[in-house]
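See structure below.
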Amino acid sequence: MVEGLVHPSCSVFKTAMEKTEKEKRHIIAIEVEDIPGVLSRISTLFSRRGYNIDSLTVGNTHKPGVSRFTIVVRGDDTVLEQIRKQSQKLVHVLTTEYLKRDNAITREFAIVKLVYDKKTAIGINELVDLYGARMLSSTDEVLMVEFSGTEEKINLVFEDLKAFEVLESLRTGKIGMRVGR
Amino acid sequence: MSQSKQIRPPRIEGSEAIVKALENLDVDVIFGYPGGANLPIYDKLSGSKIKHILARHEQGAAHMADGYARVAKKPGVCMATSGPGATNLVTGLANAMLDSTPIVAITGQIARHLIGTDAFQEVDCINITMPVTKHNELIRHEKDLVPAIESAFYIANSGRKGPVLIDLPVDVLKASYPHEFQNEIRLPGYNPTIKGNVGQIKKALKALGRAERPIILIGGGVVLSKAVPEFLHFVRTTNIPVLRTMMGTGVIPVDDPLFAGMIGTHGNSRANKILTREADVIFTMGTRLGDRSFIKQPTFAKNSTVIHLDIDPAEIGKKIRADIPIVGDIKAVLTDMNQRIAKKPITKEKPWVSVSKRKSKLSTRDNAEILEGIFTKLSSIDMKLNISTDVGRHQMWANHFCTNPDHLPLLTSGGLGTMGFGMPAAIGAWFAEPDVPVVSISGDGSFMMNMQEFTVAVEHEIPLTVIIVNDYRLGMIRELQHSLYKNRYTVHDLGRTLDYKKLAEAMGGVGMCVTHENQILPAIQKSIDSRKPTLIDFNLENISKSSHLSWDTKAS
Ligand SMILES: Cc1ncc(C[n+]2csc(CCOP(=O)(O)OP(=O)(O)O)c2C)c(N)n1
C-alpha cells in the first residue's frame, strides 16, 4: 500500500464520546426562531455529534417568535466550543452563549405529590417553610407542593423528601440567565 | 396599482411560482425524477426554458447536480418525489454535505392534511435529511414557497457551501394564491463571515514573515472559494511551499517548484513528514483536516505555530489546535493579504523544501504500474477535460497521476467516498460546460453502482468517456484485506461475466475493450474524438501480460 501509511483505525483520534475523563458540566443558552421542528434540529445535532445532554428546557421569551433553550451538557472545553459553534451554524439559531457559575443565575423547578396525614403534616409543613415552597393543592390527604431554586437546593429537597411518602414527583431541567446587560 | 381595486389580484399556482422562481434564479438545468408528489412542478416545467434531465435513479440526479455545481460554480438543482424518491437522494446529499458542494434539492411531499398518517409514499423527509443537509425546510404555506426557494439558493451557495433541501407538499404546489402575497425572506440567524479579522491577518503575516520553515496546506476550500489566482499570487510572491489534501487538487501544478506533495493516508510520506515534523509555521486553509488527511492528531505540529483559515468557524479548533484562527472566505482573506505583502513583503529567498520530482511511488502491487500508465497517458491529452473519479484504488492513483492542469480539479468524492459518484457527476459536469468533453474514471465495482446513468449520456449525446479500470474485483477492499487482515481475501470478487463492450452497445453507446498497453492512449483519444458516450474496459489482467512496465511518465 501507500508508503508510510498508517491506517486510521490505528490512529489515536478521540471522538466527543470517548472523552469521558475530562468531562465537566456546562450550561449553554441558545435563542432560536420559534419555528416548527426547531427542537428536533437541536436534539439531532447534539445526539449526532455525540454530545451528552443532562437536561434541556425550552420555552418562549418576551420577544415574539423567539424561544430559548437552556441545555446542560457534559464534555471538556473543546467539546463545549464545538457544541456552541455547531449550534450557531443552524440557520434558525439566533444566539448562543455559555452560562457560567460566576456570571449567571440558574434555577430548577420541582413539583411533588406527597401523602399528607396527621402523622406527616408537621414534618411536611416544616419542609415547606424551610425551602420556601408553595402548596398547590391538597385533597384527601394528598398534597402537591412546588419548589424552586438552585440545583443544589432541589437536590437537598429530594434528600429530605425521602422521609415522606412521595406519590409522584418531577424536576425541570435548568433554566438560566446571565447577570448584567 | 390604483385601478387594481376592481381587478382581483392575479393568482398563481404554487408549482408555477416555483418554476418562475427557479427561472429568476438563473437555473438552466434540473436533474430529477418524477412521482405523484412533484408532478405539479413537472407540469409547469414543460413550458419553461429550464432544461430537465431525467436521471435513471434519484441518487444519479443528486450526483449530477453535484458534478454540475463543481464545474458551473453555482448551485446544482435536483428534484425527487416523496417517499422513495426522497430517500434515494440521501446518499447524494450526504456526499455534497461532506464535500461542501452547493446543491438545492426539491422534494415533493404528500398533502399537508395527510402528513403524519403514514400515507402512501410518506417519509419524514425533513428528519431523514436533517443531518446530511446544511439546511432543510418543509413548506407549509403557499406564500412561503418563493422565499424558501430563494433562501435555499442563498444558503447553499454562501458561507460554507452545502446542500439545502426544500420539501413541498403536493397540495401547496397545487394551491392557487394571489401572486403578490409572499412572505419576505428573513434569515436573522444566518450571517456567514466573509472578511477576515484584520488583527488576525496581521498576526498571521507576521508569523509567516518570521518563519524559517513555513508551509501552506490547502484543501478543497480554495477551489470552492474560487481563490486559485489569489492563492497562486500569494505563494509565488512569498515563496512558501505548498502541501495539499486530496480535495485540494488542481490548485497548484504538480511541477511547480513550490509544490511539495499530497498529505494523508493516501499521500506521500515525505509530505506528511514536512507537515507534522519539519515546518515551524503551518498556514492551513479550506481543509477540515479529516481523519484521512493526517495521521497522528495529538502530536500534530506540536512545536509549530498553526494559522487556520476557514469560512466555517466550527472547523477551527475541531481537529487541531489553532494558534492564529482566521474565520473568513479564502478569496477575501488572500486578497487582503496580497495587498499587505505588496507593501510589506514577507518573501523568502527560496523555498526551504526541495521536493525531488521523482515519481511518487504508491505501490508496486496489483497492477500499480498499469494504473499509473493509464492516468499518465490520459494526462498527456492536450485539451480541456472535466474528469470525475469513483471511489477505490483507481481514485487514489488518479489523484496522484492525473496531473494535467487542464484536467483539474478532479471531480471526486472526498468526504463520503461514494462509489457510484463518478459517472453521474461527469454527466452533470457536461451540462455545466457542454463544450468540454467529460471523462469518468471508475473501478468496475463503482461503475456498477450507478451504471444505469450511462443511458442519460446516450440520450443527450454527451461526449463521455468512461474509463473502467477493470480488475474484476473491489481493488481497495482487497488492498485493505492485504494490509489489515493478513491476506484473508473475501467478498472482493466481482466475477468475470460482465461484458462491458456489449453492455455499452446494449445501452446505445460505444464499447471498447483494451487488452494491450499500446492501445491505452489510442483508445482514450478515439473515444474523446468521437464525442460519443463510450465505455472503455481497461482489462488490467490482459494489459499486464502485454506490458513492458516502461511508462513514458511525462508528468510528475
Ligand atoms: C457506496 C459504497 N459502498 C462501499 C464502499 C467501500 N469501498 C471503498 S472502495 C471499494 C472498492 C471499490 O472497487 P472498484 O470500484 O472496483 O475500484 P478499485 O478499488 O478496484 O479501483 C469499496 C467497496 C464505498 N466506498 N462506497
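Proteins come first, then strands; the chains are lettered A, B, ... in the order of their sequence lines, and each starts at number 1.
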task = Before giving the answer on side chain to side chain contact (heavy atoms under 4.5 Å, CB included), spell out for Glu315(B) and Lys85(A) the whole-Å C-alpha distance, their side-chain angles and the decisive distance to 0.1 Å.
result = CA-CA 9 Å; Glu315(B) 285 308 330; Lys85(A) 285 174 167 174; over 6 Å; no
Atom CE of Met177(A): over 12 foreign heavy atoms under 6.0 Å = no
request  = Please list, in residue-number order, every residue in residues 28-42 of chain A that has a heavy atom less than 4.5 Å from any heavy atom of chain B; write 'none' if there are none.
outcome  = Glu33(A), Ile35(A), Pro36(A), Ser40(A), Arg41(A)
ask   = Closest approach of Pro131(B) and Arg48(A), non-hydrogen atoms and distance?
value = CB-CD, 3.6 Å
inquiry  = Holding to salt bridge (Lys or Arg N to Asp or Glu O under 4.0 Å), I want the full list of residues that pass it with Arg134(A), two or more places apart in sequence or in another chain.
reply    = Glu146(A)
request  = Inspect the surroundings of CG in Asp140(A) and state if more than 12 heavy atoms from other residues, nucleotides or ligands are less than 6.0 Å away.
outcome  = no
ask   = Is the CD atom of Glu152(A) crowded by more than 12 outside heavy atoms at less than 6.0 Å?
value = yes
remark   = Whatever's closer than 4.5 Å to a heavy atom in chain B on Glu81(A) counts as neither
task = Mark yes when over 12 heavy atoms from residues, nucleotides or ligands other than Phe158(A) sit less than 6.0 Å from its CZ; otherwise mark no.
result = yes
task = Tabulate, in ascending numerical order, the residues of residues 90-107 of chain A having at least one heavy atom closer than 4.5 Å to a heavy atom of chain B, or enter 'none'.
result = Leu90(A), Val91(A), His92(A), Val93(A), Leu94(A)
request  = Count the heavy atoms belonging to other residues, nucleotides or ligands that lie under 6.0 Å from CG of Leu170(A), then report whether that count exceeds 12.
outcome  = yes
message = For a quick test of reading the model, state the closest non-hydrogen atom pair linking Gln82(A) to Ala314(B) and the distance between them.
response = NE2-O, 2.6 Å
key: Residues of residues 132-141 of chain B within contact distance of chain A, non-hydrogen under 4.5 Å   = His135(B), Asn136(B), Glu137(B), Arg140(B)
